[in-house]
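Following: one structure in structure tokens, then a few remarks.
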Amino acid sequence: MIQSTENLNEQISSCTQNLENKLSGKDGKRHIILCGGTGCLSNNSKEIQEKFQTLLSEKGLSDQISVNQSGCFGFCSQGPFVKIYPENTLYRLVSVDDVEEIVESDIINGTVVERLLYVEPSTGEKVSRQEDINFYKKQKRIALHGCGVINPEDINEALGMGAFQGLRRALSMSQEQVINEVLASGIRGRGGAGFPSARKWLFAYNMEEDEKYVVCNGDEGDPGAFMDRSILEGNPLAVIEGMMIAGYAIGAQNGYFYVRAEYPIAVNRLKIAIQQAEEAGLLGDNILGTGFNFHCHLRLGAGAFVCGEETALLNSIEGKRGMPRPRPPFPAVKGLWEKPTIINNVETLACIPYILREGAEAFSAVGTEHSKGTKVFALGGNVNNVGLVEVPMGTTLRELIFDIGGGIPNGKKFKAIQTGGPSGGCLTEEFLDEPIDFDNLVAKGSMMGSGGAIVMDEDTCMVDVAKFYMEFICDESCGKCSPCRIGTKRMLEILTRITEGQGTLKDLDDLEELSQTVKNNSLCALGQTAANPVNSTLAHFKDEYLAHINEKKCPAHICKSLMEYTIDKEKCIGCGLCAKACPAGCIERTDYIPEGHKLASFHIDAEKCLKCGSCIAACRLKAVEKK
């Protein structure tokens, strides 16, 4: 039980030394660390860990080598990962069948298994150390501090990485000093809007109430986003510490984590972290003998996207239907159970301990003039290096996509990047050298959002992209206000008509008019930003809309109603693989005579064709084409 600052100092010193000894090999052991993020666990990381433990036990090496898990390594497209300390050797794409070779070759004989090393595409060089891979070189981990290094279910390893040092300093300061420190750092909320975090805290601090609350928004609902989940999986104590610092600053004694139930690993590790912190005396009553009391509570969300909106989230915690409240009053004035409440997302709270531990100047030294620090992105879509990325604000889109992301697969051409999820917009090649920050992305027609970044190549239909996001918004609209409930539905109907070849030029005018109506009259940000994907694609890809309307063609060959599958008879050799693969039985054999030689060929019945793509996948000569 850690009962005082002196006890905490001693524990931190001991844990820091133990972790350093572990990573450097000074403890006389070797350590195998496996990625324990959701992506790798879904790809048999747990089974790989168990296989290591079994083999090492059989060979009598369990006392010399430990096997454990960490949070997400970030480089998701190369997982599952296995890292071996103290050599710092990183193996990627490891399967259960590779474990025996790693044990025999590396663990026993000291020979690196080269076939499992990462190969740098630009040079063909095999890289054995994580920090030497281009994917990691331009990253700086603040919010992701400790993720991929420590065991997220061991409070001692978290203490070794600096946990609770920020809280220790905060408790030695006045509440105003803590708020001023956060204000000086320049941190803005990472949940999407980018509102200065300290100003929100100040509003709640100035409210004279007997009860105040801190809420962590872990309801991450953007398609393709997994930043908050990975932080909670990799270092949940950092978020707990950030919540405690916020609680101390505003005078709150209770904090609520609102995490969607679809994140079972994050939820479980958060529960473990809360329990361990309570058992250590770092969470609860009279923390470190300072008289500061703070308790953490966990509430699970049912997966409603609208509950990411802060007032809808508050309603959900209170047991009500997740629907937004009119504002003002704002939550900092009247929030949870009508008490002053500050709501920060997971990433924001994960940065707070760094600011108190290292100082505001260290945080503000990173980033741009008006957007300080780093930002975590879930980089996905048509990009070689899919994964979790934390970069300094001001990093350009080109660096994000081509240096860190490794460019577009299969030599395809970059077309657009969607930032900000359903609330954001699509940015084209002309914006690749723009720095990433809150204000600049908004000025260019998109937004930071919570950090989703979906890359699209030349084979993407931008009208279909707008339709996809509008379908999502329609499904997730709570229905409380008619501009969002009805307006987004009408916009989806127009987009559907266009993708089915039934659109008119008037539809484009109607889309623009509807988008303004929905934006200006919706109750919450879900409706107010719903038209952003439509507006950005209309602004940058109007020619694609016109092709769908005037020519009844989809240039990217994505919209099924506007494309036709055909077989090039000059390429077809009559093997019949396409006909065998067709689930609709719409491919028939025909004969024709080019230059006097009778050959077998095949023909697709357009009326029966499902346009499923099975024939294209089956044809080895690319004789089947989409037109």
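Note that the structure is predicted; figures quoted are calculated from it, not measured.
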Tell me whether the rings of Phe81 and Phe73 are parallel (<30°), tilted (30 to 60°) or perpendicular (>60°). parallel
Could you tell me whether the side chain of Gln175 and the main chain of Tyr248 form a donor-acceptor pair under 3.5 Å? yes
Donor-acceptor check, side chain of Ser105 to backbone of Thr111, threshold 3.5 angstrom: yes or no? yes
Using side chain to side chain donor-acceptor pair (under 3.5 Å), reason through His297 and Asn254 one step at a time and then give a plain yes or no. CA-CA 8 Å; His297 313 274; Asn254 288 280; 2.8 Å; yes
Which residue pairs pass the ring-ring contact (aromatic ring centres under 6.0 Å, His included) test with at least one member in residues 88-124, sequence neighbours excluded? Phe75-Tyr118
Return yes if a side-chain donor-acceptor contact under 3.5 Å exists between Glu279 and Gln275, otherwise no. yes
Do any side-chain atoms of residues 388-395 form donor-acceptor pairs under 3.5 angstrom with protein atoms, and if so which ones, sequence neighbours left out?
unit_1 : atom_1 : unit_2 : atom_2 : d
Glu390 : OE1    : Ile142 : N      : 3.1
Glu390 : OE1    : Ala143 : N      : 3.4
Glu390 : OE1    : Leu144 : N      : 3.0
Glu390 : OE2    : Ile142 : N      : 3.0
Glu390 : OE2    : Ala143 : N      : 2.8
Glu390 : OE2    : Thr374 : OG1    : 2.5
Thr395 : OG1    : Pro392 : O      : 2.7

Using a distance-only test with no angle check, is there a side-chain donor-acceptor pair under 3.5 angstrom linking Asn151 and Glu157? no
Is there a donor-acceptor contact under 3.5 Å linking the side chains of Glu120 and Asn134? yes
Take atom NZ of Lys137 as the centre, draw a 6.0 Å sphere, and report whether it contains more than 12 heavy atoms from other residues, nucleotides or ligands. yes
Those residues that, when tested against His370, pass side chain to side chain donor-acceptor pair (under 3.5 Å) (two or more places apart): none
Residues at least two apart in sequence or cross-chain that pass side chain to side chain donor-acceptor pair (under 3.5 Å) with Ser185, listed by chain then number, are none
Can you list the residues that meet the side chain to side chain donor-acceptor pair (under 3.5 Å) rule with Asn43, with sequence neighbours excluded? none
Stacked cation flag Lys375 on Phe377, 6.0 angstrom / 45 deg: yes
Could you give me the CA-CA distance, side-chain angles and deciding distance for Asn385 and Gln78, then say whether side chain to side chain donor-acceptor pair (under 3.5 Å) is met? CA-CA 8 Å; Asn385 300 339; Gln78 294 291 314; 5.4 Å; no
Looking just at side-chain N and O atoms, do Glu434 and Thr396 make a donor-acceptor pair shorter than 3.5 Å? no
Classify the side-chain pair Ser446/Thr419 by whether it contains a donor and acceptor separated by less than 3.5 Å. yes
Derivation and outcome, side chain to side chain donor-acceptor pair (under 3.5 Å), residues Thr38 and Glu233: CA-CA 8 Å; Thr38 293; Glu233 289 177 354; 2.4 Å; yes
Is a side-chain donor-acceptor pair under 3.5 Å present for Glu153 with Gln276? no
Counting only heavy atoms not in Glu361 (residues, nucleotides, ligands), do more than 12 fall under 6.0 Å from its CD? no
Salt bridge or not between Asp228 and Arg260? Use side-chain N to carboxylate O under 4.0 Å. no
Can you sort out the partners of Glu101 under salt bridge (charged side-chain N to carboxylate O under 4.0 Å, His left out), two or more places apart, ordered by chain and number? Arg115
Any Lys/Arg nitrogen of Asp403 or Lys138 sitting under 4.0 Å from an Asp/Glu carboxylate oxygen of the other? yes
If only side-chain N and O atoms count, and only distance matters, is there a donor-acceptor pair under 3.5 Å linking Asn88 with Glu131? yes
Asp285 and Asn293 have their tightest heavy-atom pair at CA-OD1, 3.2 Å
Pair Asn21-Gln17, side-chain donor/acceptor within less than 3.5 Å: yes
